[in-house]
Amino acid sequence: MRIVDNPCLAHLQDNNLPVIAIYILDVIEKYSLGKASLWWLQKTLEKLKIDYKKKFNLDLIILEGDASKILDQFIEKYQIKEVVWNRLYSKQTILRDSSIKKKLEQKEIIVTSFNSHLLNEPWEIKNNSGEYFKVFTPYWKNSYPFFLEKQYTYPQIKKITPMTHKEKFKEFNFLPSKKWYEKFEQYWIPGEKSALEKIDQYLIENINQYKVNRDRPDIDQTSRISPHLKFGEISPRVIVEKIKKMKTNNDSISHYLSEIGWREFAYTLLFYAEDLKDQPINKKFKKFPWAKNQKQFQAWKKGQTGFPIIDAAMLQLYEEGWMHNRLRMIVGSFLVKNLLIHWHEGEKYFQDCLLDYDEASNPAGWQWVTGCGADAAPYFRIFNPILQSEKFDPEAIFILKFLPQLNIFSKVKNIFQPWLNPESLDKLIHEKKYQLPIIELSISRNEALDAFKKINSKINK
Ligand SMILES: Cc1cc2nc3c(=O)[nH]c(=O)nc-3n(C[C@H](O)[C@H](O)[C@H](O)COP(=O)(O)OP(=O)(O)OC[C@H]3O[C@@H](n4cnc5c(N)ncnc54)[C@H](O)[C@@H]3O)c2cc1C
């Protein structure tokens with residue numbers, strides 16, 4: 001969804017090929033995008049269409065349907081000689097794209113694909129035994145220098161030659177029917193221009209404090225570039241090149257780069273692991289005795305658990321279509337370890353609500369939180385939501401932003417644990433403004449640890 005650092009466009013420019021540009025919302029992509037992401041998709045396509053027209057006089061054709069059939073129709077109608085695209089990495093997309101490639105090559109059509117989404121593609125980074133890395137630190141140690149050695153320079157796209165065609169343009173509308181997405185306009189501006197401006201501003205104003213501020217939802221100073229990266233409005237290579245140009249190096253900058261590295265690592269897992277969305281990398285978790293408690297799951301989704309940091313985080317997700325990374329870990333840990341609800345449920349809910357929903361980072365994040373992923377947090381590391389609030393939202397600024405009704409407590413510790421002040425909590429409950437905690441933390445923690453011991457002992461028998 002961009003012009004800058006788009007290798008497809010560069011190839012077409014270099015070879016002076018006349019171009020028909022098509023975006024196809026195939027059933028595989030439609031399935032993998034949640035409802036929130038469909039809003040972003042609509043907006044970014046509207047912008048890209050305008051940009052192509054303005055810059056190249058090129059009409060972007062936007063269609064929904066079977067990618068293979070649609071391509072066949074265009075190829076026949078316009079006697080297309082070459083098809084180009086930027087690569088995707090999930091099992092389903094690889095299967096589809098390889099099958100399309102095979103069919104086209106049988107018709108003697110040239111098919112050329114490129115890496116536009118990653119610094120390094122999954123198969124480029126291997127350990128000494130020729131296998132993919134399952135631990136992040138050695139992965140990144142090998143991956144980042146490898147990218148730097150390539151001396152990457154991206155070409156300027158100045159001229160694309162449109163092919164004359166007689167296609168009629170229907171209005172496209174991928175928006176979901178429920179209009180809760182309208183509020184996203186307050187928080188986000190999709191599109192390449194906004195992505196580039198956002199990162200430039202971030203590198204000037206905030207990156208040097210990243211290491212100290214990145215875990216603080218109250219300070220809210222991460223780059224919020226994730227949905228732009230997800231939709232390819234900006235490439236990770238452009239971000240890294242911009243950082244290199246700053247000619248500054250400090251812990252914050254290295255840390256920021258390593259987070260881009262976690263995204264790359266997630267794509268390696270998506271590419272190599274059995275089925276990242278469905279299967280735990282650590283197989284003993286297949287036997288984990290997950291609970292099926294719809295009432296508690298609904299309370300988690302709606303931000304009605306009675307634990308303010310969890311509830312505020314879930315309200316942020318619903319309101320902004322995004323959640324701070326520290327909070328993703330806290331609410332994830334609460335769902336899988338305190339409620340013992342399967343990580344699949346959390347993964348799917350995030351898929352539906354996140355604007356940055358990413359088919360690699362989301363399941364990898366959920367497997368990490370659960371303790372069943374590659375290089376994951378150990379299962380016994382169970383986040384205590386109260387201690388996490390004290391540490392990462394010490395004045396309850398974040399909590400009060402989403403739960404202003406808790407502003408009746410004079411002490412911050414009561415905002416973190418409203419039940420410590422039963423009179424005020426009773427008043428809130430009576431006015432239907434807040435609720436009692438749905439579980440007792442220490443009991444649920446012990447239950448989780450017992451369940452974990454059981455799957456360990458089953459393996460050992
Ligand atoms: C349970 C769970 C689910 C997640 N789901 C997603 C998802 O669907 N899409 C997504 O992009 N990220 C996901 N993440 C990772 C992370 O939370 C987000 O990338 C980050 O919060 C985005 O905000 P930002 O752009 O301000 O990040 P910054 O802190 O500014 O980081 C810059 C970029 O680095 C990458 N990044 C940062 N942290 C991570 C990480 N832990 N894993 C992978 N990449 C990272 C992202 O591309 C991010 O935009 C998930 C994490 C967890 C724990």
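Every number for a ligand or one of its atoms is a count from 1 in the order of the listing.
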In terms of relative ring orientation, are W300 and F297 parallel, tilted or perpendicular, with 30° and 60° separating the classes? parallel
Does the side chain of Y144 come under 3.5 Å of the side chain of E264 through a donor N or O and an acceptor N or O? no
Tell me if the NZ atom of K391 is crowded by more than 12 foreign heavy atoms within 6.0 Å. no
Taking the side chain as everything from C-beta on, heavy atoms only, tell me whether L339 gets closer than 4.5 Å to F334. yes
Taking any residue with a non-hydrogen atom under 4.0 angstrom from an atom of ligand 1, which ones do you get? Y210, T222, S223, R224, I225, S226, L229, Y256, E259, I260, W262, R263, W322, M323, N325, R328, M329, F350, L354, D356, Y357, D358, S361, N362, G365, W366, V369
Mind checking whether Y132 and Y272 have parallel, tilted or perpendicular rings, split at 30° and 60°? parallel
More than 12 foreign heavy atoms under 6.0 Å from NZ of K198: is that the case here? yes
